[in-house]
Amino acid sequence: MNTLEKKIYKKLAEVPKGQITTYGELAKAVGLKNGQRAVGRIMNKNPYPVIIPCHRVVMSTGKLGGFDYGPDVKTKMLTDEGVKIQGGKIVDFENKLYRF
DNA sequence: CGGCTGGCGTCGT
DNA sequence: TACGACGCCAGCC
C-alpha cells in the first residue's frame, strides 16, 4: 500500500472535523490532475474504513457522493460532525470546504 | 436539470 | 507480465 493510498489517507487525515473536501482536491493534493475517479476507487477498496474519514469527502457539485455503508450513514456522520445536509446536498458547501 | 464523455489508478482475468 | 474493465467523480454539452 505504499502508493497514492498512503498519501491520500495522509491528506484526508488533515481534514479536521466539521470540514470536508472533494475527490478532485484530494486527488490534486496527492499529485494527480484528474484522478478523482482513481481516488474514488481507492476509497471504495480502502483497507481502513474506520481510521479513514472517507465520509468527509464529497463531490465538487456539493452532493455527498457514494459511500460503502450507504448515503444515509454518511449523512448522519457528517451532520454529527457539524456539516449540515439537506436533500442529499451539503449546506454551505463552499464554506465548509477544507483547502489543503 | 439530466445525460454523456473524459481521465487516472487499482483490481481481475 | 499484459490487457481490459471498473469505480464513493468532474465537467461540458
Side-chain angles (χ1 to χ4, degrees):
Chain A
M1 62 92 101
N2 273 8
T3 47
L4 290 179
E5 305 176 26
K6 194 66 181 296
K7 300 187 204 168
I8 293 174
Y9 306 146
K10 187 80 176 182
K11 285 295 176 187
L12 189 52
E14 289 181 26
V15 183
K17 269 186 56 180
Q19 289 194 264
I20 55 182
T21 185
T22 68
Y23 293 92
E25 287 296 315
L26 194 55
K28 293 194 202 103
V30 297
L32 295 178
K33 308 179 302 177
N34 301 321
Q36 334 85 1
R37 225 122 164 231
V39 175
R41 218 219 150 296
I42 301 295
M43 288 315 210
N44 177 23
K45 287 295 181 182
N46 86 73
Y48 320 104
V50 184
I51 67 176
I52 302 176
C54 9
H55 59 277
R56 289 182 196 163
V57 187
V58 297
M59 301 196 294
S60 63
T61 59
K63 289 185 176 300
L64 286 176
F67 196 59
D68 190 56
Y69 297 98
D72 49 315
V73 178
K74 186 169 182 175
T75 302
K76 180 70 174 64
M77 296 178 84
L78 287 173
T79 302
D80 184 69
E81 292 193 358
V83 181
K84 301 298 185 298
I85 300 172
Q86 284 181 17
K89 293 176 277 313
I90 309 292
V91 180
D92 293 334
F93 171 62
E94 302 270 340
N95 187 42
K96 298 282 173 64
L97 233 187
Y98 174 78
R99 320 279 178 167
F100 288 102

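Quick caveat: nothing in here was measured; it's all calculated off a predicted structure.
Both A:Leu4 and A:Phe100 belong to a single network of hydrophobic side chains, linked directly or stepwise wherever heavy atoms of I, L, V, M, F, W or Y lie under 4.5 Å apart.
In this structure, the side-chain contact (heavy atoms from CB on, under 4.5 Å) partners of A:Pro16, at least two apart in sequence or on a different chain, are A:Gln19, A:Tyr98.
A:Met43 has its side chain within reach of A:Ile8: a pair of non-hydrogen atoms, C-beta onward, lies under 4.5 Å apart. Using a 4.5 Å heavy-atom threshold, the side chains of A:Lys11 and A:Val39 count as separate. A:Leu64 places a side-chain heavy atom less than 4.5 Å from the side chain of A:Ile90.
Atom CD1 in A:Ile52 sits about 13 Å away from atom C1' in C:dC8, given to the nearest Å. Taking atom CE of residue A:Met43 and atom C1' of nucleotide B:dG9, one finds them 14 Å apart after rounding to whole Å. Atom NZ in A:Lys7 sits about 13 Å away from atom C1' in B:dC8, given to the nearest Å. Distance A:Asp72 CG to C:dC8 P: 16 Å, rounded to the nearest Å. The separation between A:Leu4 atom CG and B:dG7 atom C1' is 14 Å, rounded to whole Å. As rounded to whole Å, 10 Å separates atom P of B:dC11 from atom CG of A:Asn44.
When all heavy atoms are compared, the tightest approach of A:Lys96 to A:Lys84 is NZ-N, 4.0 Å. Of all heavy-atom pairs spanning A:Lys63 and A:Val58, the tightest one is O-CB, 3.4 Å. Shown here for A:Lys28 and A:Lys33, the closest heavy-atom pair between the two residues is CG-O, 4.0 Å. Scanning all heavy atoms of the two residues, the minimum distance from A:Thr21 to A:Leu97 falls at CA-CD2, 3.5 Å.
Checking B:dT10, B:dG9, C:dC8 against every side-chain atom of A:Ile42, the shortest atom distance belongs to B:dT10. Taking every side-chain heavy atom of A:Cys54 into account, C:dC8 is the closest of C:dC8, B:dC8, B:dT10.
Nearest-nucleotide mapping onto DNA chain C: of A:Arg41 and A:Ser60, the residue sitting toward the 5' end is A:Arg41.
Backbone-only contact: A:Met59 has heavy atoms under 4.0 Å from sugar-phosphate atoms and none from a base.
Residues from residues 11-37 of chain A that place a heavy atom under 4.0 Å from any atom of DNA chain C, listed by number: A:Thr22, A:Tyr23, A:Gly24, A:Gln36, A:Arg37.
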> Just the dot-bracket of DNA chain B, please: which string comes out with Watson-Crick or G-U pairs under 3.5 Å, [ ] for crossing, | for another strand?
Replying inline: .|||||.||||||
